[in-house]
Amino acid sequence: MEARHLRYALALAEHQHFGRAAASLGIAQPPLSSQIAAVEREVGERLFDRTPRGVFPTAAGTAFLERARRALDEMGAAVVDAGRAARGETGLLRLGFIGSALLDPLPGVLGRFRRARPDVRLDLAEMSSPDGTAALIAGGLDVAVGRGGPRGPGAEGLVTVPIGSDELIAVVAATHPFAGRRAIGLGQLAAENLIVSPPDQEPAVAARLRSLFDSAPSPLDCATTSRDIHTTVGLAACGVGVGLGPTRMRRLERGGIWFCEVTPRVRLPDLRLSFRAADRSPVLAAFLDVVRANCREVGSRLDDVLARHPAVRGIEQPG
């Protein structure tokens with residue numbers, strides 16, 4: 001039994017006449033009569049009473065038509081749902097990110113994506129850069145935002161694009177001797193108790209800092225570690241030491257602290273967005289479109305990377 005058979009039966013019940021029902025369906029009366037008879041044979045029950053006054057559903061027909069109407073409604077809804085899913089208007093996006101990405105650019109990107117795709121469910125998780133890469137490669141995430149390029153087995157199957165750059169800055173308590181200074185030198189920092197990201201959590205940042213403080217012993221050997229920039233700022237405010245972090249940490253301005261530039265200027269590993277090259281998810285494509293719109297310079301970089309990535313060749317690009 002096909003959907004058209006259900007529509008034929010519903011039209012006959014509505015018009016109560018084979019001729020009028022056939023005209024409404026755009027078919028001739030004899031084919032409609034034969035199709036209704038075929039439906040009755042398949043169901044095994046008489047669905048319509050044919051009388052001189054018209055054609056009326058039997059008790060079996062009434063029950064059949066109720067289900068038929070619901071079935072057609074469900075089929076219509078299925079078509080609509082399929083179209084929305086194909087356009088990335090529904091579904092799930094799993095995003096892993098480091099904390100500093102929530103300062104910029106994720107607020108603008110996520111806000112715009114939520115407004116454009118309100119029915120897409122966002123599964124968001126803060127995690128370190130290595131954990132985000134591992135989860136992305138394993139299929140546990142759709143997008144990861146972290147510091148530095150993804151590394152390790154499987155990383156060659158990822159597309160990664162810079163979405164933000166930072167220089168190293170320092171944060172101290174308002175009572176610290178550095179408070180009030182515009183900038184401090186690396187030599188001055190080497191004599192302080194430092195607050196930095198754990199090396200295993202942000203290895204790209206740790207390697208960059210290690211290259212700056214290469215003396216033995218290094219001030220990094222006894223540094224206080226902080227898993228996120230909020231904690232770094234909080235510990236600095238408590239007078240624990242000098243917190244080191246990205247430029248975007250300035251957005252956490254609060255009472256009792258002071259930010260200093262570091263001289264000479266030190267560029268940190270870029271903030272990068274990564275996803276699987278072979279992922280054809282419409283939701284991912286919709287998310288990347290929002291990234292393009294919200295961060296225009298990122299969009300051109302993304303297109304360039306996609307064009308060059310060997311794993312993407314032959315796959316329709318997001319957007």
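What you are looking at is a predicted structure, and each value in this text was computed from that prediction instead of being measured.
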Sequence-distant partners of [X], side-chain hydrogen bond (donor to acceptor under 3.5 Å, both in side chains), two or more places apart:
X: Asp166; value: Arg147, Arg248
X: Glu89; value: Arg84, Arg87
X: Asp73; value: none

Just verifying a value: how many Å separate [X] [atom1] and [Y] [atom2], rounded to the nearest 0.5 Å?
X: Arg67; Y: Leu72; atom1: CZ; atom2: CG; answer: 13.5 Å
X: Asp279; Y: Leu158; atom1: CG; atom2: CG; answer: 10.5 Å
X: Leu136; Y: Ser274; atom1: CG; atom2: OG; answer: 6.5 Å
X: Asp228; Y: Ser128; atom1: CG; atom2: OG; answer: 12.0 Å
X: Leu244; Y: Leu189; atom1: CG; atom2: CG; answer: 5.5 Å
X: Met249; Y: Ile229; atom1: CE; atom2: CD1; answer: 7.0 Å

Ignoring hydrogens and angles, tell me if any N or O in the side chain of [X] forms a donor-acceptor pair with the backbone of [Y] under 3.5 Å.
X: Asp142; Y: Leu95; answer: no
X: Arg276; Y: Ala138; answer: no
X: Arg114; Y: Val120; answer: yes

Would you call [X] and [Y] a side-chain contact if the rule is heavy atoms closer than 4.5 Å?
X: Leu10; Y: Arg69; answer: yes
X: Leu268; Y: Ser165; answer: no
X: Ile163; Y: Arg272; answer: no
X: Thr263; Y: Ile184; answer: no

Inset, instruction - Not counting sequence neighbours, which residues clear side chain to side chain contact (heavy atoms under 4.5 Å, CB included) with Ala237? List them please. - result: Arg254, Ile257
Inset, instruction - Run the salt-bridge test on Arg210 and Asp221 with the 4.0 Å N-O cut-off and return the result as yes or no. - result: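 Looking at Arg210 and Asp221, the cut-off is met.
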Legend entry - Glu40 and Arg50 ion-paired at < 4.0 Å: yes
Specify the closest pair of heavy atoms between [X] and [Y], including all atoms of both residues, with the distance to one decimal.
X: Gly243; Y: Thr232; value: CA-CG2, 3.7 Å
X: Pro57; Y: Ala13; value: CG-CB, 4.1 Å
X: Thr231; Y: Ser226; value: CB-OG, 3.2 Å
X: Phe97; Y: Ala101; value: CB-CB, 4.5 Å
X: Pro269; Y: Gly148; value: CB-N, 3.9 Å
X: Pro219; Y: Leu194; value: CB-CD1, 4.1 Å

Inset, instruction - Could you give me the CA-CA distance, side-chain angles and deciding distance for Arg70 and Glu66, then say whether salt bridge (Lys or Arg N to Asp or Glu O under 4.0 Å) is met? - result: CA-CA 7 Å; Arg70 290 207 297 266; Glu66 183 178 345; 3.1 Å; yes
Inset, instruction - Taking atom types as modelled, find out whether Glu167 and Thr247 have a side-chain donor-acceptor pair closer than 3.5 angstrom. - result: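 Note: Glu167 and Thr247 side chains miss the donor-acceptor criterion.
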Legend entry - Short side-chain donor-acceptor distance under 3.5 Å, His5 and Glu42: no
Inset, instruction - Find out if a path of hydrophobic residues (ILVMFWY) with successive side-chain heavy-atom gaps under 4.5 Å connects Leu106 to Val291. - result: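 Yes.
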Legend entry - Atom CE of Met1: over 12 foreign heavy atoms under 6.0 Å: yes
Inset, instruction - Quick one: which residue pairs count as a salt bridge (charged side-chain N to carboxylate O under 4.0 Å, His left out) with a foot in residues 172-189, not counting sequence neighbours? - result: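 Residue pairs passing salt bridge (charged side-chain N to carboxylate O under 4.0 Å, His left out), neighbours aside: Arg182-Glu261.
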Inset, instruction - Sort and list the pairs that fulfil side-chain hydrogen bond (donor to acceptor under 3.5 Å, both in side chains) and have at least one residue in residues 16-33, not counting sequence neighbours. - result: His15-Ser24
